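Here the structure is laid out as structure tokens; the discussion comes afterwards.
All values derive from a computational prediction rather than experimental measurement.
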Amino acid sequence: MPDRAPQPVDRQLPTDEARDLISLVRDIAQHEIAPKAAEEEDAGHFPREVFTLLSRTGLLGLPYDSEYGGADQPYEVYLQVLEELAAARLTVGLGVSVHTLASYALATYGSKEQQVEHLPAMLGGGLLGAYCLSEPSSGSDAASLRTRAVRDGDEWVITGTKAWITHGGVADFYTVMARTGEEGPRGITAFLVPADADGVSAAAPEKKMGMKGSPTSQVHFDGVRVPDARRIGDEGQGFAIALSALDSGRLGIAACAIGVAQAALDEAVGYATGRLQFGRPIADFQGLRFMLADMATQIEAGRALYLAAARLRDAGRPFAKQAAMAKLHCTDTAMKVTTDAVQVLGGYGYTADFPAERYMREAKVLQIVEGTNQIQRMVIARHLAGPETR
């Protein structure tokens with residue numbers, strides 16, 4: 001069966017610098033990420049060496065200030081980089097998104113002194129971050145978290161367990177939300193915790209349906225002492241910081257979802273144009289042609305939606321509703337497109353000899369992470385109709 005190489009996405013980029021950046025990312029994706037993706041995912045191998053390369057080439061701090069090692073790139077560009085990385089391997093694309101999320105609190109709410117001290121290593125010094133909000137008993141209801149930080153002189157003592165932590169056990173730092181005061185959202189504070197602090201440990205990684213190369217685990221904090229200098233923002237501001245970070249993080253998930261969907265479409269088109277049945281390519285049959293057309297249309301709509309939200313963010317305008325819409329639509333699209341890609345490949349789609357089944361398994365988690373799609377619908381509805389009455 002002849003190979004049909006996928007055509008690169010025709011991107012509308014704002015600057016020549018951004019076009020050069022995408023070219024660099026495509027080169028890394030083609031030569032360093034994609035060739036090993038299937039084998040390493042099957043083996044559950046976390047590609048730390050890839051993240052080291054991305055850090056060295058400036059791709060772990062794209063949307064942040066160049067004064068601290070970032071690249072001053074708008075979200076419109078950063079998200080398209082994520083899409084390219086996720087199309088090559090979701091473990092990498094999502095990993096960059098999570099690292100960006102973990103760096104957000106300090107980059108946005110940290111003091112000048114904190115940023116000077118910590119951000120260069122976080123953004124371009126080879127460190128990898130994780131974001132610790134969810135707990136075993138508080139996922140969607142994050143404001144009910146139980147991990148507690150108690151003041152002891154110039155230090156805080158953190159005790160509790162975080163759950164579903166991407167990069168748990170391999171991260172170099174954790175951005176941790178802990179309760180320092182009253183119940184509810186006003187009693188939560190953010191901390192920057194080094195992974196090698198005494199009392200920090202990670203459980204065995206979860207055994208997952210997909211993304212087996214990306215470790216997800218519980219992280220335990222057993223009387224972990226951190227200085228007050230590692231508190232981010234004001235006491236009680238942590239939940240607001242967490243929600244603000246998630247608005248941006250949801251755009252990262254949306255971009256990753258479109259990357260996976262694009263990879264699945266490319267696989268389906270390549271197969272359909274090369275696979276002969278009844279004496280001609282199966283792509284000649286109208287039922288299948290229409291399926292491919294619908295897949296492509298859904299992907300383009302999702303890409304336009306996340307980019308529209310990103311441009312609002314770049315302009316300093318409110319974008320929370322649009323971020324929730326993008327996360328909802330793009331991840332639902334990824335699930336639909338990857339399922340259809342398996343169908344296009346027929347029996348081969350159900351085997352691990354082709355990547356379609358891996359794309360489908362990976363797409364599912366994107367409907368869950370950083371706020372389930374049911375939560376996204378709640379967020380959107382609140383913007384439309386106001387808070388729920390109780």
Side-chain angles (χ1 to χ4, degrees), residues 2-43 45-64 66 69-100 103 122-128 211 213-214 251-270 296 299-300 303 306-307 310 334 354-356 358-359 362:
D3 290 331
R4 178 188 172 101
Q7 297 300 305
V9 174
D10 183 15
R11 300 194 179 280
Q12 303 301 309
L13 296 162
T15 63
D16 289 339
E17 181 185 14
R19 283 183 279 277
D20 291 342
L21 178 62
I22 290 293
S23 294
L24 170 64
V25 171
R26 284 175 174 167
D27 184 66
I28 292 173
Q30 179 182 354
H31 295 103
E32 303 294 336
I33 301 175
K36 298 180 285 187
E39 178 183 355
E40 291 188 351
E41 283 298 321
D42 187 56
H45 173 73
F46 177 66
R48 184 60 193 252
E49 66 283 358
V50 170
F51 288 94
T52 300
L53 173 63
L54 296 178
S55 180
R56 190 166 64 243
T57 53
L59 296 177
L60 284 190
L62 288 177
Y64 295 125
S66 59
D72 293 322
Q73 289 299 314
Y75 248 65
E76 173 188 2
V77 173
Y78 157 68
L79 293 178
Q80 294 187 76
V81 168
L82 283 188
E83 185 189 329
E84 294 279 347
L85 293 172
R89 185 177 178 185
L90 182 58
T91 284
V92 175
L94 187 71
V96 174
S97 181
V98 166
H99 176 80
T100 303
S103 302
M122 292 163 63
L123 302 183
L127 300 188
L128 189 65
M211 286 193 70
S214 176
L251 292 180
I253 300 303
C256 287
I258 293 302
V260 173
Q262 184 68 56
L265 174 63
D266 291 342
E267 179 70 15
V269 171
I299 289 170
E300 287 291 346
R303 184 176 291 123
Y306 87 63
L307 286 174
F354 291 79
R358 172 165 62 88
Y359 297 146
E362 291 178 340

Pair Leu90-Tyr359, side-chain contact (heavy atoms from CB on, under 4.5 Å): steps then yes or no: CA-CA 9 Å; Leu90 182 58; Tyr359 297 146; over 6 Å; no

If you look at every heavy atom in [X] and [Y], which pair is closest and at what distance?
X      : Y      : answer
Ala29  : Ala88  : CB-CB, 3.7 Å
Ser55  : Gly124 : OG-C, 3.4 Å
Thr91  : Pro47  : CG2-CD, 3.8 Å
Val260 : Ala86  : CG2-O, 4.1 Å
Arg358 : Ala37  : NH2-CB, 4.1 Å

From [X] atom [atom1] to [Y] atom [atom2], the distance as rounded to the nearest 0.5 Å:
X      : Y      : atom1 : atom2 : answer
Ile299 : Leu265 : CD1   : CG    : 4.5 Å
Leu94  : Cys256 : CG    : SG    : 5.5 Å
Glu83  : Leu79  : CD    : CG    : 9.5 Å
Asp72  : Leu62  : CG    : CG    : 10.0 Å

Main chain of [Y], side chain of [X]: is a donor-acceptor contact present, judged purely on distance under 3.5 Å?
X     : Y      : result
Ser66 : Gly69  : no
Thr57 : Leu54  : yes
Gln80 : Glu76  : yes
His45 : Ser214 : no
His31 : Asp27  : yes
Ser23 : Arg19  : yes

Donor + acceptor pair across side chains of Tyr64, Gln73 (<3.5 Å): no

Gln262 and Arg303: side chain donor to acceptor below 3.5 Å: yes

Please tell me if the side chains of [X] and [Y] come closer than 4.5 Å, counting only heavy atoms from C-beta onward.
X      : Y     : value
Arg26  : Ile22 : yes
Leu127 : Phe51 : no
Pro74  : Val77 : yes

Step-by-step side-chain contact (heavy atoms from CB on, under 4.5 Å) determination, Leu60 to Leu123: CA-CA 6 Å; Leu60 284 190; Leu123 302 183; over 6 Å; no

Full working for side-chain contact (heavy atoms from CB on, under 4.5 Å) between Tyr78 and Ser97: CA-CA 10 Å; Tyr78 157 68; Ser97 181; 4.2 Å; yes

Name of the residue among Val25, Leu53, Val92 meeting side-chain contact (heavy atoms from CB on, under 4.5 Å) with Ile33: Val92

Residue pair Leu59, Leu21: steps toward the side-chain contact (heavy atoms from CB on, under 4.5 Å) verdict: CA-CA 9 Å; Leu59 296 177; Leu21 178 62; 3.4 Å; yes

More than 12 heavy atoms of other groups within 6.0 Å of Glu39 CD: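 Not buried by this count: 12 neighbours or fewer within 6.0 Å.
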
Of Glu84, Glu362, Glu41, the residue whose pairing with Arg89 passes salt bridge (Lys or Arg N to Asp or Glu O under 4.0 Å):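 Of the listed residues Glu84, Glu362, Glu41, the salt bridge (Lys or Arg N to Asp or Glu O under 4.0 Å) partner of Arg89 is Glu41.
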
